[in-house]
Protein chains: 2
Amino acid sequence: MTIRVVLAEDQGMVLGAFAALLRLEPDLDVVATATDGPKALAAVLEHDPDVLVTDVEMPGMSGLDVAAALRRDGNRARVVIVTTFGRSGYLRRALDSGVAGYVLKDAPIDQLVGVVRRVHAGERVVDPQLAMAAWDAADPMTDRERDVLRLAADGLPNGEIAARLHLAEGTVRNYLSTAITKLGVRNRIEAARMARDRGWL
Amino acid sequence: MTIRVVLAEDQGMVLGAFAALLRLEPDLDVVATATDGPKALAAVLEHDPDVLVTDVEMPGMSGLDVAAALRRDGNRARVVIVTTFGRSGYLRRALDSGVAGYVLKDAPIDQLVGVVRRVHAGERVVDPQLAMAAWDAADPMTDRERDVLRLAADGLPNGEIAARLHLAEGTVRNYLSTAITKLGVRNRIEAARMARDRGWL
DNA sequence: AGCCGGACCTGACCAATGTCACGGCTGTCG
DNA sequence: CGACAGCCGTGACATTGGTCAGGTCCGGCT
């Protein structure tokens, strides 16, 4: 009774290393790999695996988007997210998307194999250290503030942000100002950095 | 005659995967691993390996810094850099630091093992796709411009940048202005993004 | 020597950003 | 209903950021 796994990760070398490692386990079978979001989704639909192991940040479609899409389709595959740093905002969205496991790339490698097995057995597994952090920092920003900050983070001037969102320039300034105040920072750059670090963008 | 390797990479899970993979090769021996720059340096000094395989971005000290330090000490270890995306500026600095190999994490996993062997045999190996890109984009910024842009990228206001560098505020503005002009962008945010993407910070 | 180019540094000026006080709208609770 | 709280949207005003036109100093070249 082997566990059939699909593996998605955009960095080819890391993907290869994870795949080689999972194949070493006699009860695991890596049936397909993918290097971006859409390919990951297609691979799951084609191979009908027990578990999808995926990175969050991938070209085209994030691992979270893939998980949400599978959820909508009623696909039976259980999803394990593997990500770089503890962006607590991601975890929140991941849980909303029905993700079954959430592991940090900082963790020791054995943990990955363990989580795949436990998730397949029906458990929901989240790195405990991260689970703590997720709840003490809820996103304080409104949708509009997030929209504006996202564009500002790319270096767009207020005028252009206003044009894209069909707002007055003063309004854009206002949203940025409230975002800056809520996050307790000094300007849009620090605000963008903090929001990004916490997975709020 | 096994090749003795030290492996440095800050993400524990990736480190573990690479280590497991290299250990599968009969002619390679992973004698130590490290999760930050200073530990990598210490591990090389203690174990005197043939090859150091290291990430660029690590806490404390970058892989490039470690390579430069080894070079200065006349250490015999040959250095292979493994990094995420093709930041051409990094490659330039890497070659200056006497690095022997440079591989992208996007590449297939087999390449890593091959490069380690070829580097140990005395070759200098650089991902050819990347080697091209490195020379068509030289860093146009002066040292001072880089200093200022680095701090601006962290969100510091001009006044504070001026204080840290013992400059007048007008001077800071001027450096940022020239950097913005040279890079052909609209503001400090875009300038920081571009410089980062190209490995110029 | 005199000239030139480039990095470094500066203040004055205008444009972009951040703050504030204010309305309109919607939903909730007594 | 009326009071309240929260999000959305706006213009006027102060602060910060970007541009310009210089100035000094140093090394290379004629």
Side-chain angles (χ1 to χ4, degrees), chain A residues 89 92-93 96 135-201, chain B residues 89 92-93 96 137-201:
Chain A
R92 187 177 290 257
R93 263 184 285 162
D96 290 345
W135 299 116
D136 60 31
D139 183 350
M141 288 188 297
T142 69
D143 292 342
R144 230 50 181 134
E145 285 160 4
R146 226 188 324 281
D147 291 342
V148 170
L149 185 54
R150 230 192 306 270
L151 295 175
D154 285 337
L156 297 190
N158 289 336
E160 192 154 335
I161 297 174
R164 293 210 194 178
L165 299 181
H166 309 290
L167 289 176
E169 201 177 315
T171 310
V172 171
R173 292 205 198 96
N174 195 173
Y175 283 135
L176 276 171
S177 181
T178 57
I180 288 167
T181 304
K182 282 179 180 174
L183 299 182
V185 294
R186 281 179 295 186
N187 53 46
R188 61 182 62 198
I189 303 178
E190 290 187 347
R193 173 190 287 278
M194 171 169 290
R196 233 192 256 295
D197 285 351
R198 305 202 173 175
W200 292 340
L201 280 191
Chain B
R92 187 177 287 259
R93 263 185 284 163
D96 289 345
D139 183 350
M141 288 188 297
T142 69
D143 292 342
R144 230 47 182 140
E145 285 160 3
R146 228 188 323 280
D147 291 343
V148 170
L149 185 54
R150 230 191 305 270
L151 295 176
D154 284 338
L156 297 190
N158 289 334
E160 191 154 337
I161 297 175
R164 292 211 193 177
L165 299 180
H166 309 292
L167 290 175
E169 203 176 317
T171 310
V172 171
R173 294 208 192 98
N174 195 178
Y175 282 136
L176 276 171
S177 181
T178 59
I180 288 167
T181 304
K182 283 180 180 174
L183 299 182
V185 294
R186 282 180 295 187
N187 53 48
R188 62 181 62 199
I189 302 178
E190 291 186 347
R193 173 189 288 279
M194 170 169 293
R196 233 192 257 296
D197 285 350
R198 305 205 172 171
W200 292 340
L201 281 189

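Residue numbers begin at 1 in each chain, while the letters A, B, ... track the order of the sequences. All figures in this text were calculated on a predicted structure; none of them were measured in a lab.
- For the residue pair B:R188/B:N158, the side-chain donor-acceptor check at 3.5 Å is satisfied.
- In this structure, B:L149 atom CG and D:dG18 atom C1' are separated by 14 Å, rounded to whole Å.
- Of the candidates D:dG18, D:dG17, D:dA21, D:dG17 carries the atom nearest the B:P157 side chain, counting heavy atoms from C-beta on.
- Under the 4.5 Å side-chain criterion, counting only non-hydrogen atoms from C-beta, B:M194 is not in contact with B:L201.
- Rounding to whole angstrom units, CE of residue B:M141 and P of C:dC8 are separated by 12 Å.
- Following rounding to the nearest Å, B:R188 (CZ) and D:dG17 (P) show an atom-to-atom distance of 5 Å.
- Between B:Y175 atom OH and C:dG11 atom P there is a gap of 13 Å when expressed in whole angstrom units.
- Between A:T171 and D:dG9 there is no side-chain N or O to OP1 or OP2 distance below 4.0 Å.
- The side chain of B:R173 contributes no N or O atom lying less than 4.0 Å from OP1 or OP2 of D:dT19.
- Residue B:T142 places at least one side-chain N or O closer than 4.0 Å to OP1 or OP2 of C:dC8.
- Between the CG atom of A:L176 and the P atom of C:dT19 there is a distance of 10 Å, rounded to whole Å.
- Judged by distance alone, with hydrogens and angles left aside, the side-chain atoms of B:E190 form a donor-acceptor pair with the main-chain N or O of B:R186 at under 3.5 Å.
- Atom CD1 in A:I180 sits about 12 Å away from atom C1' in D:dT15, given to the nearest Å.
- Phosphate proximity of C:dG18 to A:S177: absent, as no side-chain N or O sits under 4.0 Å from OP1 or OP2.
- Look at CZ on A:R186: it is 11 Å from P on D:dT16, rounded to the nearest Å.
- Between the NZ atom of B:K182 and the P atom of C:dG6 there is a distance of 10 Å, given to the nearest Å.
- Within residues 158-170 of chain B, the residues having any heavy atom under 4.0 Å from DNA chain D are, by residue number, B:N158.
- Under the 3.5 Å distance criterion, the side-chain polar atoms of B:N187 are matched with a main-chain donor or acceptor of B:I189.
- Using modelled atom types, no side-chain atom of A:S177 and backbone atom of A:R173 make a donor-acceptor pair closer than 3.5 Å.
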task = Under the salt bridge (Lys or Arg N to Asp or Glu O under 4.0 Å) rule, what do A:E145 and A:R150 come out as? Steps first, then yes or no, please.
result = CA-CA 9 Å; A:E145 285 160 4; A:R150 230 192 306 270; over 6 Å; no
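- Remark: the backbone N or O of A:L167 is not paired with any side-chain donor or acceptor of A:T171 at under 3.5 angstrom.
- Taking the side chain as every heavy atom from C-beta outward, A:D147 and A:L151 never approach each other to under 4.5 Å.
- If you check every strand for non-hydrogen atoms under 4.0 Å, B:N174 touches a base.
- The side-chain heavy atoms of B:R196 and B:L149, taken from C-beta on, include no pair separated by under 4.5 Å.
- Across its full length, the helix from C:dA1-D:dT30 to C:dG30-D:dC1 shows an angle of 10° between the axes of its 5 terminal pairs at either end, rounded to 10 degrees.
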